[in-house]
Every structure is written in C-alpha cells, then in structure tokens.
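Below: the structure, in structure tokens.
Small disclaimer: the values here were computed from a predicted structure and weren't measured.
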Amino acid sequence: MVAFSKVNIEDIKDEDDDEEEEEPGEEIESAPPLKVGEAREIKSPFGCFQKKLLKHGLNWESPQFGDEVTIHYVGSLLDGMEFVSTTDKDKPFTFKLGHGQVVTGLDHGIITMRKGETALFTLPPEVGYREAGIDGVPPNSIVQFEVELVSWITVVDVCRDGGIIKKIMEKGEQIGPPSDLDEVCVNYKVTLVDGTTVAKTPEEGVEFYVKDGNFCPALPKVIKTMQKGEKVNLIVQPQYAFGDVGKESLDEFPPIPPNSVLNIFMELSAIKPVIDVTGDLKVKKKILKEGEGVVTANEGAAVTIRYTAKLEDGTVFEREGFDSGQPLEFITDEEQVIVGLDRAATTMKKGECALLTISPEYGFGSTEIKRDLAIIPSSSTVMYEVEMLDFTKEKAPWEMGNLERIEAAVRKKEEGNQLFKIGKYQRAGKKYDKVPQAAEYVSEDVVFTDDDQKLVKTLRLSCWLNGAACSLKLNDFQEVIKLCSKVLDVESCNVKALYRRAQAYMKVAELLLAELDIKKAIEVDPQNREVKLIQKNLKNLLAESNRRDEKLYTAMFSRMTNDASNAAKRLKTAED
C-alpha cells in the first residue's frame, strides 16, 4: 500500500543522534484525556505532530512498540485529496508497530490510542514522507491520516533474544503468573512452519509442575509470563525447542526434524499454587481450593480440620472427619500433630483445601509408625489432603484488655517453664517471646496497684532472662547478648543477665567484653559461685589468647628481621 511504504529509519536516527530523546507519548500520558473534537501536539524523538480525537476508545490500554495492530485509515493531503484508504474495500491493515512499516508519525501516534478509538493525525514532513514523498504525495508535504484502531495483539519477546515470540490472543484473569513450584494445566497444539501437527494435548489438557517443564524448554519460560485463562501463539526458534537433534515421533504424531521452528497455540487453563511452607522445600502446600477472605490461622490458633493421609504410593494410612468420623481439633504450635501438618495449618484460610507433601524431617522421622489403616515405613514422605473447616486465632496483645494481657503473660511464662524443663528450648523460647509483647501493650493510662506494676516488670525481665537461657542451649549467642542487654537496660546490676551475656561473649570470642560483665557481676555478688567459676574459665581463655598473640607477633617480627637482614645482604653484594 503506497501510503505505508517503508521509511529508512536508520537515516532518520542518524539525523537526530544529537537531540535529546523524549519518551513517546509522554505529553499525552501527563495531560488530561482529550475530549472529542480537541487536538493536542504529540512529541516524538523525530519531531512533533498533532492528534485530534474524533471518537473515544474503550478502556485505558494502548498498544506498545512490537505489538501487532489492525487499523482502518484514510490518508489525504491538506486540500482533502485522498491518496490511500482501506475503507473503500473494507479490508483493514495489520502491521507491527515500531518496525518501519508505516511512517514515523503513525507509529508514535497509534501508541496513544485505545481500542475502537478514531483520531486524525496531522504529520509534518519530518514524521511523514520527508523530502522524498511518494506517489500522490509531493515532497515535503504535510499529510493527514484518519485512523481507527480496530484491535491489537500484544507481542512479547520472552527471552529478549528473538528465540520465543509470544502473541497474546486472549488475555487471562488477574491470577498469576505461576512460579516454579506451582502446578499448571495447559492445552497446546504444536505445528511446524508448513502446518504439520507434531504434538497436541488431550482435550482436558496436561498437568505438570512448572519447574519440571513439559514438551520443550520454551513452555516453562512462557508459562511463567502468563495468567490463568490466557491464550497465546508462540513462535519458538530451535534453541528453545529441540535444536539440531530434533525429536522422534511420539504416538500418532510425525517426528520433529532438526533445527525446526515451532508454532505453538497454548492456553493456561488452571493454576494450582504451591507454597514452600518451611522455606527448605520439605513441606509443600498445593492449594486445591481457595479459602475465604485473607485471614489465616496462626501459632496458637484452635483449628478444626479433616484430612486423608497417604504414602507416596497412594496407600491411605489415616482418615479424619469423613463419613461419621469426627474432624480433628488441635492447637497449633503445641506439638499435637506432626510438625509439617502443624506448620501448614497456620498458613490456611477457612474453607481452603490443600495437598501437603511432607518430608520425613517434618513427618514421622526415621521410625516405623503403625496407624489406623496402614503402617508408615521409616523415613517416609507423606501426603495430607486437608480441608480447613474452622479456626479461632489466638488473640494478639493489642486485642486484649490490660488485665487480660497480664493473665496471658503469666500463662505464657508458665508454659515456657514447663517446656524448658523437658528440653523443648525452641518452643519455650517462643512462649517467652510473647510475654514481653503482652506486657508492652499494657496501657500506661490505667492505674494499677504497686503489686501489678511490679508483676509486669518482673514478667518482662524474667522472660528475657529465660529466653536467653533457651538461646544458650540452642547456641544462638547473638540472641543471648540481645536479650540480656534488654534486661541490663532496665536493671544495670542484674547478675543473671551479666553472667549469661558473659557466657555468650566468651562463645563469640569477645573476651574483653566478657571480662567487663564478670567484673561487674563479682562487684554486685562477690560470693556467687557460678560467676567465680566462669571468671576462672575466662582467665584461662585470656591466657591462651595471649600466648597465641605472642606466638603470632614473634613469628611476624622474626619474618621482618629476616627480610631486613636479607635486604642488607643483597645491598652489600650489589655494592661489592
């Protein structure tokens, strides 16, 4: 079509290299929307032109460079003489934006349009046909194009190397894109350039985990850019298909020759999100049915679930809450169920259904376990299909009244003490963590008795100290230092805090800081046997440290003396 004969884009770029580029269409984006009949100047890197709105479009989306657009247009001179039109034959024109298939002004004008919009563009020569002109357009002519944007297809260069071109034929829902862990269901049909079909999914599609891939390397890369319900056409170059090896025939389909370009029509029909519950991929939750709202259970929540538990081979070893059986009720973070089920429950919404895959470390470990319906072999990965029927979250401190907070703090401390006695240091530490949180939310506006005030302070200090004791058992020495420092900010002469922080300092080789804490503790309580014992241990560590330093410095000075002696000898030899 004569009006859209290709313009030499490189020539235009050369002439404008020295000019500062501006974002195309930024004037439109920053200004109020045009009203019908209004006109506005549009800036492009190659010059300015005018756009006049004749008819509003739909929505607010616009095409981008690289997209395939379909338009109707009429091109004319300022005197009204038409030189090209698609409306006469009612055959719209389809082309790729930004590829030099139309004059520069139209490329930059169409990216400001909405679907269904009609606009009149007035283009001076520098963004039109320039000094060359074309048939029907004299050199250096101002031209006008009345354009209707019929539709466009978004085109994405998935790997940014031309290897996978994705054309979005139908947009999906606002769900996705999926991640590597998620399970998806896709339908696709694969053809060669000559139209030969070489692969096709069943009507119900095929399910797989994104990270595992399917058919060829291009599919997982594309799927991670898609939304549920999206339909795309793909052009896949050999390096993302089957390279120079090709693929043998499968089922009724012919083989794929080496170095074949593939055309793939694909729909992402379903996404089942998979969540890494524990952060180490050893407890994974695949959501089978979304729950209600956004609120999930939490640690300490009272939950009610029903489930079917299986081995990896499908053997059912337990069912709870089905038929006439009662659902399972438990408190999370209380070790009433296996750790994997416990941790996953705290991530679930009411009404949610999920499939849990639980590794032995978070399941039944290396011990053989007998259950109602089957034996669980040692070191088994187990699968739980769980429905969250209901839960009641543990109240947060800010949801309680002041007296209720104090009662909760006392209860948490007692629970922590019981756990510490039986060696459950990590869980005990969590209980102690919650005590200061509750105490800190006690309102200063409420008048308490002296006994209550003392209780709040004592609870806070006691649980910081107990938490430090847990962290010592768990070898988390930085946490010990942090918790003891909190106590010492309130009571600078607290012997237990000084003693435990000194222990932690010694473990992280901060011997001088440990010495300061021990000296202060001895001043406060000169007869404390534990402090005296740790002081003796510290003296041994300091002596050993001094001996190491002495050896290090002796070796260092010896090398320096030898180097100086050798240098003197070399100098003397050179002088001789």
Open item on the list: Please give me the minimum heavy-atom distance between Gly213 and Pro220, naming the atom from each residue.
Closed with: CA-CG, 4.0 Å
Task: Side chain proximity check, Glu82 to Val74, heavy atoms < 4.5 angstrom - done: yes
Task: Exercise: do Thr86 and His72 side chains pair donor with acceptor under 3.5 Å - done: yes
Open item on the list: Can you confirm whether more than 12 heavy atoms, excluding those of Glu248, are under 6.0 Å from its CD atom?
Closed with: no
- [ ] Answer yes or no: is there a side-chain heavy-atom contact under 4.5 Å between Ile142 and Pro125?
- [x] yes
Task: Gap between atom NZ of Lys200 and atom CZ of Phe253 - 0.5 Å precision - done: 7.0 Å
Open item on the list: Show, in sequence, the C-alpha distance, side-chain angles and deciding distance for Tyr384 and Thr308, and conclude whether the side chain to side chain contact (heavy atoms under 4.5 Å, CB included) test is met.
Closed with: CA-CA 6 Å; Tyr384 278 72; Thr308 300; over 6 Å; no
Open item on the list: Please report whether the ring centroid of Phe83 lies less than 6.0 Å from that of Phe145.
Closed with: yes
Task: Rounded distance [0.5 Å steps], CG in Leu355 versus CG in Leu288 - done: 5.5 Å
Task: Heavy-atom neighbours of Lys52 NZ exceed 12 at 6.0 Å - done: no
- [ ] Measure across Pro327 and Leu389 and return the closest heavy-atom pair with its distance rounded to 0.1 Å.
- [x] CB-CD1, 3.7 Å
Open item on the list: Rounded to the nearest 0.5 Å, what separates atom CZ in Phe215 from atom CZ in Phe208?
Closed with: 11.5 Å
Open item on the list: Quick one about Thr94 and Thr70 (side-chain donor to acceptor, distance below 3.5 Å, no hydrogens or angles considered), yes or no?
Closed with: yes
Open item on the list: Let me confirm one number: the CG-CD1 distance from Leu149 to Ile111, rounded to the nearest 0.5 Å.
Closed with: 12.0 Å
Task: Steps toward side chain to side chain contact (heavy atoms under 4.5 Å, CB included) verdict (Gln426, Leu474) - done: CA-CA 8 Å; Gln426 194 162 21; Leu474 296 168; 4.3 Å; yes
Task: Salt bridge present between Lys430 and Asp333 (N-O < 4.0 angstrom) - done: yes
Open item on the list: Counting C-beta onward and ignoring hydrogens, is there a side-chain heavy-atom pair between Ile153 and Met169 closer than 4.5 Å?
Closed with: yes
Open item on the list: Between Glu61 and Lys171 (salt bridge meaning N to carboxylate O under 4.0 Å), is one present in this structure?
Closed with: yes
- [ ] Please tell me if the side chains of Glu146 and Tyr73 come closer than 4.5 Å, counting only heavy atoms from C-beta onward.
- [x] no
Task: Derivation of the side chain to side chain contact (heavy atoms under 4.5 Å, CB included) call for Leu268 and Ile271 - done: CA-CA 8 Å; Leu268 177 57; Ile271 303 173; 3.9 Å; yes
Task: Lys/Arg-Asp/Glu bridge criterion (N-O < 4.0 Å) met for Glu207, Lys272 - done: yes
Task: Taking every non-hydrogen atom, the tightest pair across Val36 and Leu54 - done: CG1-O, 3.4 Å
TODO: Taking the side chain as every heavy atom from C-beta outward, state whether Ser179 and Val210 have any atom pair closer than 4.5 Å.
DONE: no
Task: Audit row: Phe93, Val69, side chain to side chain contact (heavy atoms under 4.5 Å, CB included) steps and yes/no - done: CA-CA 8 Å; Phe93 176 51; Val69 298; over 6 Å; no
TODO: Could you grab the distance from atom CG of Asn263 to atom NZ of Lys189, nearest 0.5 Å is fine?
DONE: 11.0 Å
Task: Short side-chain to backbone donor-acceptor contact, Asp88 and Ser85, under 3.5 Å - done: no
Task: Residue that, paired with Met388, satisfies side chain to side chain contact (heavy atoms under 4.5 Å, CB included) out of Ile305, Thr304, Thr296 - done: Ile305
TODO: Please answer whether the main-chain N or O of Gly47 pairs with a side-chain N or O of Ser44 as donor and acceptor at a distance below 3.5 Å.
DONE: yes
Open item on the list: Enumerate the side chain to side chain donor-acceptor pair (under 3.5 Å) contacts for residues 340-355, please, sequence neighbours excluded, ordered by first and then second residue.
Closed with: Lys285-Thr347, Lys285-Glu352
Open item on the list: Tell me the closest heavy-atom pair linking Ala218 and Val236, and the distance in Å.
Closed with: CB-CG1, 3.7 Å
- [ ] Kindly say whether Pro258 contributes a backbone atom to a donor-acceptor pair with the side chain of Asp244 at under 3.5 angstrom?
- [x] no
- [ ] Could you tell me which non-hydrogen atom of Gln326 sits nearest to which non-hydrogen atom of Glu320, and how far apart they are?
- [x] O-OE1, 3.7 Å
Task: Backbone of Lys282 reached by a side-chain donor or acceptor of Ser359 within 3.5 Å - done: yes
Open item on the list: Please determine whether the number of non-hydrogen atoms from other residues, nucleotides or ligands lying under 6.0 Å from atom NZ of Lys96 exceeds 12.
Closed with: yes
Task: Expected output: side-chain Asp323 to main-chain Gly325 donor-acceptor under 3.5 Å - done: no
Open item on the list: Closer than 3.5 angstrom, by distance alone: can the side chain of Glu148 be matched with the main-chain N or O of Ile71 as a donor-acceptor pair?
Closed with: no
Open item on the list: For a quick check under 3.5 Å, do Thr225 and Lys166 share a side-chain donor-acceptor pair by atom type?
Closed with: yes
Task: Side chains of Asn214 and Tyr188, donor plus acceptor under 3.5 Å - done: yes
- [ ] Indicate yes or no: does Lys167 engage Glu68 in a salt bridge with an N to O separation below 4.0 Å.
- [x] yes
Open item on the list: Before we go on, tell me: are the rings of Phe46 and His108 under 6.0 Å apart, centre to centre?
Closed with: yes
TODO: Indicate yes or no: at least one non-hydrogen side-chain atom of Phe322 is less than 4.5 angstrom from one of Arg306.
DONE: yes
Open item on the list: Salt bridge or not between Lys51 and Glu117? Use side-chain N to carboxylate O under 4.0 Å.
Closed with: yes
- [ ] Find out whether Lys221 and Cys159 are in side-chain contact, i.e. whether some heavy atom of one side chain is under 4.5 Å from a heavy atom of the other.
- [x] yes
Task: Side-chain H-bond candidate by donor/acceptor type, Ser378 with Glu368, under 3.5 Å - done: no
Open item on the list: Does either side chain, that of Tyr240 or that of Asp161, offer a donor lying less than 3.5 Å from an acceptor on the other one?
Closed with: yes
Open item on the list: Using a 3.5 Å distance criterion without hydrogens, assess whether the side chain of Thr332 forms a donor-acceptor pair with backbone atoms of Asn298.
Closed with: yes
Task: Pairing residues for Ser260 by the side-chain contact (heavy atoms from CB on, under 4.5 Å) criterion, not counting sequence neighbours - done: Leu192, Ile256, Pro257, Leu262
Task: Gln227 side-chain N/O to Pro177 backbone N/O, donor-acceptor pair under 3.5 Å - done: no
Task: Backbone of Cys185 reached by a side-chain donor or acceptor of Ser269 within 3.5 Å - done: yes
TODO: Would you name the heavy atoms of Ile375 and Leu311 that are closest together and state the gap between them?
DONE: O-CD1, 4.0 Å
Open item on the list: Closer than 4.0 angstrom, basic N to acidic O: yes or no for Asp182 and Lys286?
Closed with: no
Open item on the list: So Cys216 and Val190, do their side chains get closer than 4.5 Å, heavy atoms only?
Closed with: no
Task: Positive for side chain to side chain contact (heavy atoms under 4.5 Å, CB included) with Met266, one of Val222, Thr201, Asn233, Asn187 - done: Val222
Open item on the list: As an exercise, state the distance from CD1 of Ile42 to CG of Leu123, rounded to the nearest 0.5 Å.
Closed with: 9.5 Å
TODO: Kindly say whether Ile165 contributes a backbone atom to a donor-acceptor pair with the side chain of Asp157 at under 3.5 angstrom?
DONE: no
Task: Listed partners of Glu329 passing salt bridge (Lys or Arg N to Asp or Glu O under 4.0 Å), at least two apart - done: none
